[in-house]
Amino acid sequence: MTINFQKAKREQLWTKTLLTGPSGSGKTYSSLRLATGLAKECGSRIAYIDTENGRARYYADEFDFDDIQLAAPFSSTKYTDAIEAAIGAGYKVIIIDSLSHEWLWCNDQVNSMPGNNFQNWGKVKTKWHNPFMEYIIQSPIHIIATARGKDKWVLEDKNGKQTPTKKGEGSVQSDDAEYNYTITFNLNQDTHVASCAKDNTHLFEDRFEVLTEKDGEHIYEWANKGDKPAAKKAKLQKTADDVDIDVIIEKIKVAINEKIESGVERDAVAVALKSACGTAQYTKIKDVAKAEAALKAVQNI
């Protein structure tokens, strides 16, 4: 196989921006300001994926956007389906508020799986979280995402008095989350000022200011320098259903063991499984609904 290098050139790109901070730091409002500037330059409306119980609508009289309300469970696939729908509808700017619900959902899956948590996290990240993050990176749309901060109260000296102050210590996301984004902002709770943890654009280095619509415009200008890249479509990896099956199968196994330990005969378990899904070989079930029915049948013995 022949491998040929060629001169690198600047190409236009789709930016991915992450805003993190403690509650009250202004993540929702700042994301709307950035998105408004981006959308103005793109000639696009804003698509808003809301997992915060309609919080973005507090600002519907200040900003012009279209939203969708996601409801629990906040699976990775539910997010990617919403992003795919926005791209298909022609939006060029999307806000995801917040990504933290997907990470918490992954945590719930790990907690529901028997065995070693370290190994289970490896499975969950490989099958759910990593494909989701890769889809964000590859999506042909500007994405502004928020993540909840890990809040911690500390005492700070203000005018000679020790005053409780909420500080964000990282975010409710994977530890390497910021590496996936073009820009990662940390927002201060008191001032809403943004500082950069990462900035590939160099637009915000050594800047400590509140984000505005103009910043969104500047991000667009930076992103559209250079040649237009060849068209390519992000590969949507829908893996959540497969993992749902794996998790449910594990739950069936645990439920069967518990029933047998409590004195239930194996034949009774087999009858319950056959009645629920047509087979006693539960490990071969591929349909989520049948797996859930089998689990319920075993639990109800």
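The first residue of the sequence shown is numbered 1, and numbering continues consecutively from there.
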For the backbone of Thr77 and the side chain of Thr80, can you confirm whether one donor and one acceptor N or O come within less than 3.5 Å of each other? yes
Parallel under 30°, tilted from 30 to 60°, perpendicular over 60°: which one fits the rings of Tyr48 and Phe65? tilted
If I take atom CZ from residue Arg207 and atom CG from residue Asp199, how far apart are they, to the nearest 0.5 angstrom? 9.5 Å
May I ask you to say whether Arg148 pairs ionically with Glu52, meaning some side-chain N is under 4.0 Å from a carboxylate O? yes
Under a 4.0 Å threshold between the charged nitrogen and the carboxylate oxygen, would Lys9 count as salt-bridged to Asp227? yes
Any Lys/Arg nitrogen of Arg45 or Asp64 sitting under 4.0 Å from an Asp/Glu carboxylate oxygen of the other? yes
If only side-chain N and O atoms count, and only distance matters, is there a donor-acceptor pair under 3.5 Å linking Glu205 with His202? yes
Could you check if a side-chain atom of Leu38 sits within less than 4.5 angstrom of a side-chain atom of Thr36, using non-hydrogen atoms only? no
Between Tyr79 and Phe132, what is the ring plane arrangement, given parallel below 30°, perpendicular above 60°, and tilted in between? tilted
State, to 0.1 Å, how close Leu18 and Leu99 come at their nearest heavy-atom pair, and which atoms those are. CD1-CD1, 4.1 Å
Do Ile219 and Leu34 have side chains that get closer than 4.5 Å, going by heavy atoms? yes
Rounded to the nearest 0.5 Å, how far apart are CD1 of Ile143 and CD1 of Ile96? 5.0 Å
Is the closest basic N to carboxylate O distance between Arg33 and Glu213 below 4.0 Å? yes
Is the gap between the ring centers of Tyr58 and Tyr29 under 6.0 Å? no
Can the ring centroids of Phe204 and Phe185 be said to lie less than 6.0 angstrom from one another? yes
State, without any angle test, whether Asp97 and Thr146 hold a side-chain donor-acceptor pair at a distance under 3.5 Å. yes
Can Glu11 and Lys228 be counted as an ion pair, charged N to O under 4.0 angstrom? no
Checking side-chain polar atoms at under 3.5 Å, does Asp67 have a donor or acceptor matched by the opposite partner on Gln69? yes
Give a yes-or-no answer on whether the side chains of Glu102 and Ser76 include a donor-acceptor pair shorter than 3.5 Å. yes
May I ask you to check whether Tyr91 and Asp66 show a side-chain donor-acceptor distance below 3.5 Å? yes
Ignoring hydrogens and angles, state whether a donor on the side chain of Ser195 or Asn186 is under 3.5 Å from an acceptor on the partner side chain. no
